[in-house]
Structures are given as structure tokens and as C-alpha cells.
Amino acid sequence: MAKGRTYLYIGPELGERKDAVDALRTALAKEGGSKPEEHSVYAGETRIGDLLSLLMNASLFSEQRLVVVKNAELIKKKEDVDLLAQYIASPAEDTVLVLISDETSVDRRLDEAVPKDAKRVFWEL
């Protein structure tokens, strides 16, 4: 797994999506030799400036970090989307960002910023 990556996990299937995040966490732990420092935030409750500060500042406790942003569909303001898309284009080397949404889409610019091989849609059966 490459460090400094962003993943986009969308769709209503909660169980499989949770398993995918757990698999990332396990892969990071195996790759780094210890559990990653983990942060989970809600897009509707966290300002983009605070999120970017979290993403770009070095970890105090671990060699790597896993940052999960829930409700990513709520990131809609042009300036917020632009700032986050810029970060995705050049992420911090020690950080894996996971954007999560129960919806089946997020802002088009965020969707386009995330590499195709890092996107998954989780459908209910």
C-alpha cells in the first residue's frame, strides 16, 4: 500500500465498507510495524481548515496516520472542495485519508481528485 494516499468509499453498505477501512488499518499496521495513529471526523462538524491542519501536521505518536472523514458528501463549498482536492493531489507522506459517504456520490471535483483505483462503491444487496 502506498503511503500518502486518499481513498473514496461511498454507498449504503456499511458492513463491507467498514471491513475495507479495517483492512486499510491492518495493512498500515503490518507495513509500519505498529498501529497507525487514527483520527475520525465528520465533514459536517469539522472545518476544512482544521481537517487540513490535521492532515499536514506530523504525527506525535506514530510513523503513520489514518484519517477517516465521514459524511464526505457534505463537503460542498467551492473553496473547501478546492482546498481538499489540492491536498489529495499532494498528500502528506505519512497519512492515508479515507473519505466516506453513505450516499452514492460526492462533489464531482473530489471524485475526480481521487485516483480511480482508490474508489469503491458499496451497494446493499
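In this text the structure is predicted, and so the values were computed from the model without any measurement.
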Hphob cluster co-occupancy, [X] + [Y], side-chain heavy atoms under 4.5 angstrom:
X: Val121; Y: Val106; result: yes
X: Val41; Y: Leu74; result: no
X: Met56; Y: Leu83; result: yes

Quick one: [atom1] on [X] to [atom2] on [Y], what's the gap to the nearest 0.5 Å?
X: Ser34; Y: Leu28; atom1: OG; atom2: CG; value: 10.0 Å
X: Glu63; Y: Glu93; atom1: CD; atom2: CD; value: 13.0 Å
X: Asp82; Y: Glu79; atom1: CG; atom2: CD; value: 8.0 Å
X: Trp123; Y: Ile10; atom1: CH2; atom2: CD1; value: 7.5 Å
X: Thr46; Y: His39; atom1: OG1; atom2: NE2; value: 12.0 Å
X: Arg65; Y: Leu97; atom1: CZ; atom2: CG; value: 10.5 Å

If the condition is salt bridge (Lys or Arg N to Asp or Glu O under 4.0 Å), which residues does [X] pass it with, not counting sequence neighbours?
X: Glu38; answer: Arg25
X: Asp107; answer: Arg109
X: Lys18; answer: Asp22

Minimum heavy-atom distance [X]-[Y], with the two atoms named:
X: Ile88; Y: Ala113; result: CG2-O, 3.3 Å
X: Pro91; Y: Arg5; result: CG-N, 4.3 Å
X: Pro115; Y: Thr6; result: CD-O, 4.2 Å
X: Leu110; Y: Ala85; result: CD2-N, 4.2 Å

Any side-chain heavy-atom pair of [X] and [Y] under 4.5 Å:
X: Leu54; Y: Thr95; answer: no
X: Asn71; Y: Glu73; answer: yes
X: Leu14; Y: Asp102; answer: yes
X: Leu84; Y: Val69; answer: no
X: Gln64; Y: Val96; answer: no
X: Arg120; Y: Tyr9; answer: yes

Do Ser62 and Glu37 pair up side chain to side chain, a donor and an acceptor below 3.5 Å, judged on atom types alone?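 Note: Ser62 and Glu37 side chains miss the donor-acceptor criterion.
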If you look only at pairs with a residue in residues 79-108, which of them pass as a ring-ring contact (aromatic ring centres under 6.0 Å, His included), with sequence neighbours excluded?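 Qualifying pairs, neighbours excluded: none.
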In this structure, are over 12 heavy atoms from other groups packed under 6.0 Å from Lys70 atom NZ?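 No.
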Pairs where residues 43-60 contributes a residue and the test salt bridge (charged side-chain N to carboxylate O under 4.0 Å, His left out) is met, not counting sequence neighbours: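 Output for this query lists Arg47-Asp50.
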Who passes side chain to side chain contact (heavy atoms under 4.5 Å, CB included) against Lys76, sequence neighbours left out?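 Listed in chain order: nothing, the list is empty.
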